[in-house]
There are 2 protein chains.
Amino acid sequence: MYLEIRHLRSIQAINTHKKLSAAADALCVTQSALSHQIKNLEETFNAELFFRKSRPLKLTPAGESLLKLANEIIPLVLDAEKELKQISLGTSGRLHIAIECHSCFEWLIPSMDNFKIDWPEVSLDLSFGFAFDPFPALLDGKLDLVVSSDPVDIDGIAFLPLFDFKMQLAVPLGHKFIEKGFVVPEDLEDETLITYPVDRERLDIYRGFLDPAGVTPKESRTAEMTIMMIQLVNSNCGIASLPSWAIHEYIERNRVAAVDLGKGGYWGTLYAAIREKDLQTPYMNSFVDIAKNTSLGLLFGVRDKK
Amino acid sequence: MYLEIRHLRSIQAINTHKKLSAAADALCVTQSALSHQIKNLEETFNAELFFRKSRPLKLTPAGESLLKLANEIIPLVLDAEKELKQISLGTSGRLHIAIECHSCFEWLIPSMDNFKIDWPEVSLDLSFGFAFDPFPALLDGKLDLVVSSDPVDIDGIAFLPLFDFKMQLAVPLGHKFIEKGFVVPEDLEDETLITYPVDRERLDIYRGFLDPAGVTPKESRTAEMTIMMIQLVNSNCGIASLPSWAIHEYIERNRVAAVDLGKGGYWGTLYAAIREKDLQTPYMNSFVDIAKNTSLGLLFGVRDKK
DNA sequence: AAATAACATGAATGAAATTCATAATAAACA
DNA sequence: TGTTTATTATGAATTTCATTCATGTTATTT
């Protein structure tokens, strides 16, 4: 037989009640059950656990060492059980977020700050620049939420819309597009397009604007960060497609100008991808709500998903 | 269902092997058993323990918290089991000794020192001046060994002889008994007898010498410690009955003289009383042996039990 | 897309813990 | 010291629980 937590509980109960029968009551078993249990323990360890010829019962050294173990272990077990209960109620847990969109920091950091206030027990983490496909990692539990503007149909993954945002083209000050106010895909055939260094099919400008029209820019280059792209645009090295909120502050500082993609502008949607299982997890839903509200209140050129 | 150590072992095994089947092998159960077990756990805690859609297996936060618990608890359990094994083999344990005879320190302390060398794992303790009857305490496990010169027939208690010792009468220098060399009970009728403050029937001088002859000293008084008794004798305040070994050093320092009780002297026997159950305990027997040898080599006026 | 490896599941089995009834023992009391 | 009372121990019957077996399902590899 193996030592189990049940036995430690018994030892503790016997030690506190000093009577088998009372201890058995406290443990919600019969006195007989407890007697048998102790006897088995004694046989497996080849040692008496308490002195039988005395009442109130007194533990032997062997019994004492089990009691010591019980006193060490049982509080730990109770703590762990409490933690598990929190996890199952969804008040505690883990939220590892990944973003592909580098400009998302702008709304994500404030959203996370707001989230922390309501859900202090949830451990937050943020990865960006996932070289690999984030969705398998999401399924595997390496990630818990992926921010994406490109919902794909993967079994076990749900895409919750966060907000719609206007994609714009950052162009140098005085660029010819500015007076038109917007561009059509064909306008870009002679331009150098600057994008984030991710797969083409993940870039809204291609997926939603250029590819449907069968247009490819003359040249393309990449930059890691928004500020770098703005720099390049400002230096007449190309034009960049960015969410309008990301361009906004640079327009105000007169570094670049912006034009819409198509008449009325091209709107994309940002989604939070989570495991379908987590659709029931309260803090997950709460995070999405908080991110929505935070972004809508903070960003320029965003609107609630229609 | 309740969380048990078995489950923690399973979580650990799953975490290290990253495969249910391999973990099951390591735990010597079938893969099916382990799968069922985990399923039960998940149902009781209402939380998944690892991500099923990924291989190698990865723990969820709930699984992690159980793993943490396992890593904390299992070493403690192993330690306790090792300790219990030591106790059952008799290489570890407890030896709480009680003495009534205050002069016994002289041989008991060196004996305990010698014992510690051979049995470092045994926890030693010494109580003296047990106001109450020590034998029930011995049966109850409050004590493990009682040094007594008065073997009584109690079920469950065994008396192991340590050594024979000569009882003598410490008398003031120049006392009239000295030239006789020994006294008969009647000689004490006109004396003040100094004894340890314990029940009369526990004192060898009464039990073995005076009571059989129906003699009671004129006066009696008590002293706690040997040195006090010697002081009183030296000051002509009475005569004291003590083991010859206890008087010996004071004779050499010319503080008192000693005379035998009866012609040839009165010899008592000192016993170690232990629980009969402990007759099989190796360190118990070893202690008695060590005490015997230490005393015989150290004390004056003792001999091996005939 | 097929083959393979791994996990999940349901029913049957088996082992182990519990209960019931009662005997044995210790403690309290007279 | 015996008698009563309270408590623990024991054996057999029972129930509960974990495990296995056989097989289905799902993921991964080729």
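Side chains are part of it too, since the values below use all heavy atoms of this structure and drop only hydrogens, waters and symmetry mates. Numbered from 1 within each chain, the chains take letters A, B, ... in sequence-line order.
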(Q) Tell me the interatomic distance from B/His17, atom NE2, to C/dA6, atom P, rounded to whole angstroms. (A) 13 Å
Output a table of nitrogen or oxygen pairs between the protein and nucleotides 25-29 of chain D separated by less than 3.5 Å.
residue, atom, partner, partner atom, Å
D/dT28, OP1, B/Arg55, N, 3.3

Q. Are A/Arg52 and A/Glu42 within salt-bridge range, i.e. N to O under 4.0 Å?
A. yes
**Q.** Distance, rounded to the nearest Å, where A/Lys18 contributes NZ and D/dT8 contributes C1'
**A.** 17 Å
Q. Atom CG of A/Leu57 to atom P of C/dA27: distance rounded to whole Å?
A. 10 Å
Q) Tell me: CD of A/Glu48 to P of D/dT8, nearest whole Å? A) 15 Å
Q: Starting at atom CD of A/Glu4, determine the distance to atom P of C/dT18, rounded to an integer number of angstrom.
A: 12 Å
Q | Side chain proximity check, B/Val146 to B/Tyr271, heavy atoms < 4.5 angstrom | A | no
(Q) Looking at B/Ala13, is its backbone amide N or carbonyl O close enough to the side chain of B/His17 to form a donor-acceptor pair, meaning the two atoms are under 3.5 Å apart? (A) yes
Q.
Between the side chains of B/Asp144 and B/Arg94, is the shortest nitrogen-to-carboxylate-oxygen separation below 4.0 Å, so that they form an ion pair?
A. yes
Q) Under the 3.5 angstrom rule, does the side chain of A/Thr281 hit a backbone N or O of A/Met284 as a donor-acceptor pair? A) no
Q | No-hydrogen, no-angle side-chain donor-acceptor test under 3.5 Å, B/Ser10 and B/Gln37 | A | yes
Q) Have A/Trp119 and A/Thr91 got a donor and an acceptor in their side chains that come within less than 3.5 Å? A) no
(Q) Show the nearest heavy-atom pair for residues B/Tyr283 and B/Leu95, with the distance to one decimal. (A) CE1-CB, 4.3 Å
Q | Whole angstrom value for the distance that separates P of C/dA17 from CZ of B/Arg6 | A | 9 Å
Q | Separation of atom CG in B/Leu49 from atom C1' in C/dC7, rounded to whole Å | A | 15 Å
Q: Specify the residues of residues 21-42 of chain A, ordered by number, for which at least one heavy atom lies under 4.0 angstrom from an atom of DNA chain D.
A: A/Ser21, A/Gln31, A/Ser32, A/Ser35, A/His36, A/Lys39
Q. What is the distance from atom CZ of A/Phe287 to atom CG of A/Leu162, rounded to the nearest 0.5 Å?
A. 8.0 Å
Q | B/Ile14 CD1 to C/dA8 C1', straight-line distance once rounded to whole Å | A | 13 Å
